[in-house]
Amino acid sequence: AQTVTQSQPEMSVQEAETVTLSCTYDTSESDYYLFWYKQPPSRQMILVIRQEAYKQQNATENRFSVNFQKAAKSFSLKISDSQLGDAAMYFCAYRSGSGNTPLVFGKGTRLSVIA
Amino acid sequence: NAGVTQTPKFRILKIGQSMTLQCAQDMNHNYMYWYRQDPGMGLKLIYYSVGAGITDKGEVPNGYNVSRSTTEDFPLRLELAAPSQTSVYFCASSYASGTFSYEQYFGPGTRLTVT
């Protein structure tokens with residue numbers, strides 16, 4: 001079974017600075033998808049960024065980018081120019097590429113942004 | 001589009017009571033999911049459905065039942081509620097066609113307390 005590990009329960013960053021959240025995963029599959037979800041205090045799960053395993057290029061979405069290291073099974077999220085609104089729980093998630101299988105989540109990293 | 005809606009938002013149950021958590025989506029998604037999120041943890045899959053009339057167990061199905069009589073609705077039934085079922089419950093939906101699948105959209109969650 002696939003597993004997702006987020007080794008940083010909590011992180012903090014100064015406003016306007018850059019922070020990197022770590023995620024590693026374990027799988028024997030070659031075709032899969034990786035995601036970062038943001039969960040603010042409202043509890044709503046918001047998709048931040050998505051990476052297809054077959055793509056070598058790292059995904060980017062405005063201030064959010066990933067460092068996808070397939071051989072190392074690592075998928076970190078970099079947030080640039082951090083804003084107060086970035087404060088939230090961040091979850092790394094994995095999904096098999098075969099069919100529309102459910103997501104496997106890590107335990108999350110709580111990010112605080114200091115003004 | 002309302003997206004994925006869940007009712008109720010909050011509920012307190014006594015041990016042994018039963019209830020149904022409602023979930024509906026208006027995006028014509030064929031896949032629907034139920035997750036639970038325990039404090040300090042990521043989301044774990046309870047049940048999912050690939051279409052009307054078809055359901056399957058996830059990682060933590062014990063104590064729950066589901067049905068999918070329509071594409072839009074995917075209720076989760078708790079029979080004989082136990083304190084271990086105190087959690088936040090998320091419903092999600094997505095669309096898949098062939099081997100390609102799209103993002104999962106999440107509802108706002110239901111906070112359930114069993115005392």
Side-chain angles (χ1 to χ4, degrees), chain A residues 1-10 21-26 29-55 59 61 75 88-111, chain B residues 2-6 8-10 23 25 27 29-51 54-61 66 74 87-112:
Chain A
Q2 293 80 21
T3 59
V4 177
T5 302
Q6 294 179 250
S7 58
Q8 306 155 316
E10 296 183 356
L21 308 184
S22 301
C23 173
T24 58
Y25 58 94
D26 187 25
E29 299 176 328
S30 58
D31 183 23
Y32 52 87
Y33 301 87
L34 296 165
F35 305 85
W36 279 99
Y37 278 87
K38 172 184 178 181
Q39 187 181 42
S42 67
R43 293 203 314 258
Q44 183 72 45
M45 294 290 285
I46 302 166
L47 179 64
V48 174
I49 202 164
R50 158 188 172 140
Q51 174 80 44
E52 291 88 343
Y54 64 84
K55 289 187 176 179
E61 286 288 340
F75 182 60
M89 283 290 288
Y90 286 82
F91 292 97
C92 180
Y94 170 102
R95 196 188 76 218
S96 171
S98 55
N100 196 14
T101 53
L103 294 167
V104 177
F105 285 88
K107 291 185 179 181
T109 296
R110 183 175 300 282
L111 178 66
Chain B
V4 180
T5 58
Q6 292 182 237
K9 286 187 168 50
F10 303 93
C23 174
Q25 53 90 11
M27 298 174 282
H29 286 170
N30 47 356
Y31 281 69
M32 296 188 75
Y33 313 82
W34 274 106
Y35 295 90
R36 61 177 285 174
Q37 183 182 25
D38 298 330
M41 303 291 285
L43 281 67
K44 293 186 177 181
L45 183 69
I46 304 171
Y47 271 96
Y48 69 104
S49 169
V50 304
I54 306 170
T55 63
D56 207 349
K57 295 179 180 179
E59 183 182 358
V60 289
V66 294
F74 190 41
S87 191
V88 179
Y89 291 83
F90 288 95
C91 180
S93 72
S94 65
Y95 178 76
S97 177
T99 58
F100 188 80
S101 59
Y102 295 83
E103 321 308 339
Q104 289 190 21
Y105 292 82
F106 285 82
T110 294
R111 182 179 293 277
L112 175 68

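First the proteins, then the strands, lettered A, B, ... as listed; each starts at 1.
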**Fill in**
So CE of A/Met89 and OG1 of A/Thr109: to nearest 0.5 Å the spacing works out to 7.0 Å
**Asked** Should we say atom CZ of A/Arg43 is surrounded by more than 12 heavy atoms from elsewhere, each under 6.0 Å from it?
**Response** yes
**Message:** Which atoms of B/Gln37 are under 4.5 Å from chain A, going by heavy atoms: the side chain, the backbone, both sets, or neither?
**Reply:** side chain
**Contact origin within B/Phe90 toward chain A - heavy atom pairs under 4.5 Å** = side chain
**Prompt:** Heavy-atom distance under 4.5 Å to chain B: side chain of A/Leu103, backbone, both or neither?
**Reply:** both
**Fill in**
When the 4.5 angstrom heavy-atom criterion is applied to B/Leu43 and chain A, the contacting part is both
**Message:** Could you measure the distance from the CE atom of A/Met45 to the CZ atom of B/Phe106? Nearest 0.5 Å is fine.
**Reply:** 5.0 Å
**Request:** Against chain B, label A/Gln6 side chain, backbone, both or neither, depending on which of its atoms sit under 4.5 Å from a heavy atom there.
**Result:** neither
**Any donor-acceptor N or O pair under 3.5 Å, side chains B/Tyr35, B/Gln104** = yes
**Message:** A/Tyr25 vs A/Phe75, test: ring pair (Phe, Tyr, Trp, His ring centres under 6.0 Å). Steps then yes/no.
**Reply:** CA-CA 8 Å; A/Tyr25 58 94; A/Phe75 182 60; 7.4 Å; no
